[in-house]
Amino acid sequence: MAAITSSSFGHYSHAIVRGIPASLPAAALRIENQGEVNLENARREHAVYVETLKKLGLHVHELAADEQFPDCVFVEDAAVVVGGTALITRPGAPSRRKEVEVVKSVLEDLHLNVVEMQDESATLDGGDVLFTGKEIFVGMSKRTNQRGAEILADTFKDYAVSKIPVTDRLHLKTICGAAGPNVIVIGTGEAPQKVLKTMQQMSDYRYEKLTVPDDVAANCIYFNIPGKGNVLIHCAQEEFPESAKVFQKLKDYTLIPVPNSELAKVDGGLTCLSILINKSTEI
Amino acid sequence: MTTEGDTGVEVQKETEKSDEQPASPSHQQSPQSTSSSLENREERADSSGDQHQDTEAQSPPQGGGSPAGTPPSSKSSPSSDKKERNPSGGKGISRFLPSWRKKQRSQSQTSEEDAGKEEPAPVKEEETTADKDQNVKLEEEVVKSEEPKEEVDKQEKHSVSGSEAQPAREDGKEEKSDEKATDIKEDKVDSDEKIEPEEAKRETKEVQTVHTRMEKSPKKTPKKVKTVPCRVVLLDGTEYPCEIEKRSKGQVLFDKVCAHLNLLEKDYFGLTYRDSTDQKNWLDLIKDIKKQIRNYPWQFAFNVKFYPPDPSQLTEDITRYLLCLQLRQDIASGRLPCSFVTHALLGSYTLQAELGDYSADDQRLESISEFQFAPNQTKELEDKIMELHKTHRGLTPAMADSQFLENAKKLSMYGVDLHHAKDSEAVDIMLGVCANGLLIYKDRLRINRFAWPKILKISYKRSNFYIKIRPGETEHFESTIGFKLPSHRAAKRLWKVCVEHHTFFRLLSPEQPPKAKFLTLGSKFRYSGRTQAQTRQASTLIDRPAPYFERTSSKRISRSLDGPNTLPYAKKLDADLPEEFRPSEVTEWDGIKEMLRTLTIAPELSAADEDLIRDSTFDQPVSVNEVKPSASEPVLRDEKRSEELLSQPPELELHKETKISDENQKPEVKKKAEDLPLETVVNVETEGMPKLIPGGEKEVKQLAPQGEVCGRKDSTSSSDSSNESEGEEGGEYHTQTKLAENTIKEEEENEDMTQNEEPGKSPRTDTIQGTRAILVNSENVLNKELVFQNEVQEKMEDLMDKQVKKTEQHQKEEHPQVNGVMLHHETDDSIHIIQYTEPPVVKTEMVTISDASQKNEIATKEVPILHTETKTITYEAAETDGGGDNEPAMLLSAQTITSESISTTTTTHITKTVKGGISETRIEKRIVITGDADIDHDEALAQAIKEAKEQHPDMSVTRVVVHKETELTEEGED
């Protein structure tokens, strides 16, 4: 039903988030050193993020941080939820493999069709999965391999699942985002443009592209909230002023800039911080 | 099912034991095939036995959904017909048979039952004897009527599926232990057997059967129209039986089915059949059915061929309904994968369409599990479907169907035709053909996608499938990607599907097949139906009240489901029913062959003839004088339409016609023409070339000798190559061959054109462009080349005409002598110069060659085998290589003749071909046909081409030149 109609894209009823462990600043994985994370500021920004979700009417499941998993705040990587189906991933970083357990239990409590990635040769990070409302792109990054992508494709049978090579970046969604049923946000850098070109070739659909000067600023979250219409959570103006201006060109959108300066230092984007679920359309 | 299992065991035993008992086949026939006296007997004697047989024969095909034993009755009306018919035949047979058959029986029975059940050998012997007997009988019994048929059927069945048939019989025998029944069965067989001792085997049987068929066929259907029973499994799972003339094209059957369905928007649909390897093939509607489906019975399935991307644009609800039925099959079989949610949603719309509004006390809901909504259906799914069904209250069936389609069309695999393949690294992948292009999958993961605009050429060779990709923005060279398919047939099948999908979805009108047939060596296949744009246009004209149709329950669908189920059924059917038809067909076929021999026209050739005729008629005759100027004019035409490119040959033909009119005695000329053409042609080239190109003389000379040699080779090797050519080892299809106008979305064709040309060609291209800018813009390089070649050839020929005329005249004089032979007459009728050279189309293959590794391999392999391929290769090589050395020479010649400069180029290609012929041998043969005034030029040309093809199956007709003597002389003067 709604599951395969693009009109349902952006409809969410629930969200899963997880606190920031104190171990994050020191132990969280990162591609390169982008400065030290201020834990307090990070938690403050995260609180804004969670509050924003609540204001949008979502039931937010706040999971406690686990000090064993410095990266556990990035719950997105633990599961891919599209429609009524949730695929529990097998994160590419071995240190994060057990983060999925708690997430899985929550998803099961929500009575989603939970699918686990049993294959031990497969790896998949949720951050590599971009759902546009019509199809799925899966980034082939250091965290996601072919087998993981195949399992992803086999799990979400309704949708075309196309693999997109990702180089030099952590995840596919590090450099792109979906700002609506037909809108893809992409950075101007070489890597994002290459990704865009591949996506265009692989897709049966035509998307409008929204190009932002800051690659990382392309990461955004689209909602379609009853009564509010298009809502977009995107980067804060203080962090990426030029990119924020680009978002402001979107018409008929409720724009919600959310700060993410601290977690961005460990390659965390806005989407990384939550798993969004549409329970109302789910069976 | 249980019965099946039991029988199955027995069958195996018996099959081994008695591979081919005559009686057994009869039993099998009886259930499904209509008229077999054996059946009648059996039915009477052994009801149980019949059931067993029926179950065995029919139940497996149906797929076990239906109760065993019932299937026969439900499925085949033919069975009933058979029964009805049988009584008379059977009775008649029984009358005749009893005396001697019984005797035979006793012998045969003893041997069969006693030893036969346990030992295969005896049975075989009996069969062999039976065959012989049958032959004898058949001759004798022709008068009798149906017995021969039955016997023949038996024999055929034996040959086809003797093992299966036998088991059923024996089972019946064993179980019943009624000797009478068995006796009866055996009697029939035995009688045959006894007549002649055990000697002949199946081979002999087949031969005999053929004879018998010959004899019988006249009896049943007074020789008039031989009809073949067809069974078409419709989308609702029912079977539509019909009789169709044996020689019918696929279109006849398809139209019949569509009429039965009351379907007007039929271009989205097609008929499928299973080949010997159980692969699904689309019936080509413009070809004879019998040339496509080789095994009997004729069993087809009506299916959606082109899934409309937007079903809401279909005009009629009945069309949408049929599409829904197809999709329900696709979904239930797993071919169209979808999630649980989607299964539930689509299932709920199915219920709404078939049952109407949900009602709690509806008993029908209890049987929801009888519907098949998904490959793996769970109670959870059914509950969800019911839950959703409640929400659809008020939707009419048509609305529910529309909703069903609106959701189904969004599925990623909607309308994707998947083919197994391996990539260059031997990794298993899937190639999916859809409305938008070609999709590459690894498992379910899409790993690449090539939209139609991105694809320049589609080709296959052997089991390799190639796509040539338009260069990207940053790339300067097109790349060719090769895939390995399981078999040659699979590669061809995929290629055809691609050609059809590209044409249907991306073009405004289909490419004209005649062109391809005329010039191409590889597969001539093109999509001949209407494109989506055309069918939509036509749909707007539909003006009728919405036809009433009954929605059948998908419960049936769930059982009979897909092709796979039908397949086994078909196989069994082969054993049972078709025999009657088979014999008749065989006889017909033989007769046809004989006819062909006498006529010297092969069936395929006939098709080609038709095309040729069309071509010839297509263009208005052009005076010879005009021909030269035509070089410039043709280009313009080409620009207008790719089809027009084809037209040039026709023009040439017209000229020929004029000549022909002068001389009536075309036919006889052939022999001379055959002999003469080679020499004359060579001479012509040598002579003509020097004139055109001072520097090119050497080259020309070289060519000439080779040409002669080649010609000889052709004659000798033609037979060998013919088989291969029939197999169509390869085929090419240029997606952009058509005019830009014809494509629905054209993005980069201009770029392509420039890009297509290879670096070596550039100089030539430039010159060409300068003279004919229009062509360049609108047409692909390929088209250009075609035009040029044609023009060049014409000019060349004109030059050569003088000589040719002389030879022709001599031939003409001789013709009268030859007149006695029809074949020769035909060829000779028109004055044609037919060169068997590489078709202009060959350029496409050049692309293939461009592929580094694979192409090379292919070339080396193919060269020895197929001349055609070699030719093509040569051509390509010529073009690519030609850019460097030879072209300049060509250009010089071109200078001699203004517009003909192009022709010079062509010549060069030839030369290069010769030079480059390292691994490639080019064979050229020219046939000069001289005719007088009254000759039908079209026919003459067609016949000439036919003959040429027959003689040199591996070669293709590159050019046809028609000269008028007067004109020719004039030209020569010029």
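For clarity, every value in this text was computed on a predicted model and none was experimentally measured. The basis for the numbers below is simple: all heavy atoms, side chains too, and nothing from hydrogens, waters or symmetry mates. In what follows, chains are A, B, ... by sequence order, proteins preceding strands, each numbered from 1.
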Margin query: Does any backbone or side-chain atom of B/F450 lie under 4.5 Å from a heavy atom of chain A? Answer side chain, backbone, both or neither.
Written below: side chain
Margin query: Heavy-atom pairs under 4.5 Å with chain B: which of A/I136, A/D154, A/T198 has the most?
Written below: A/D154
Next item on the list: Go through the atoms of A/Y205 and report whether side chain, backbone, both or neither lie under 4.5 Å from a heavy atom of chain B.
Entry: side chain
Notebook entry, point to check: Quick one: of A/E150, A/M140, A/E135, who has the most non-hydrogen atom pairs under 4.5 Å with chain B?
Noted result: A/E150
Checklist line | A/S162 OG to B/L439 CG distance, which is reported to the nearest 0.5 Å | finding: 8.5 Å
Checklist line | Segment of A/T155 engaging chain B (4.5 angstrom heavy-atom cut-off) | finding: neither
Next item on the list: Please answer whether the main-chain N or O of B/R449 pairs with a side-chain N or O of A/Q201 as donor and acceptor at a distance below 3.5 Å.
Entry: yes
Notebook entry, point to check: Which of these passes salt bridge (Lys or Arg N to Asp or Glu O under 4.0 Å) with A/D204: B/K409, B/K410, B/R446?
Noted result: B/R446
Item checked: From B/T342 atom OG1 to A/K157 atom NZ, the distance as rounded to the nearest 0.5 Å -> 11.0 Å
Checklist line | Greater than 12 external heavy atoms within 6.0 Å of A/E120's CD | finding: no
Margin query: For B/I447 versus A/M202, what's the shortest heavy-atom pair and its separation?
Written below: C-CE, 3.2 Å
Check: Would you say A/D252 has more than 12 foreign heavy atoms packed within less than 6.0 Å of its CG?
Finding: no
Check: Which heavy atom of A/V161 sits nearest a heavy atom of B/L445, and at what distance?
Finding: O-CD1, 3.2 Å
Item checked: Nearest non-hydrogen partners of A/A160 and B/S412, listed with the distance -> N-CB, 3.0 Å
Margin query: For A/D109, is the CG atom crowded, meaning more than 12 foreign heavy atoms sit under 6.0 Å from it?
Written below: yes
Notebook entry, point to check: Does atom CD of A/E108 have more than 12 heavy-atom neighbours, drawn from other residues, nucleotides or ligands, at distances under 6.0 Å?
Noted result: yes
Item checked: Which atoms of B/D443 approach chain A - backbone, side chain, both or neither, heavy atom under 4.5 Å -> side chain
Checklist line | Flag, side chain of A/D158 to backbone of B/S339, donor-acceptor distance under 3.5 Å | finding: yes
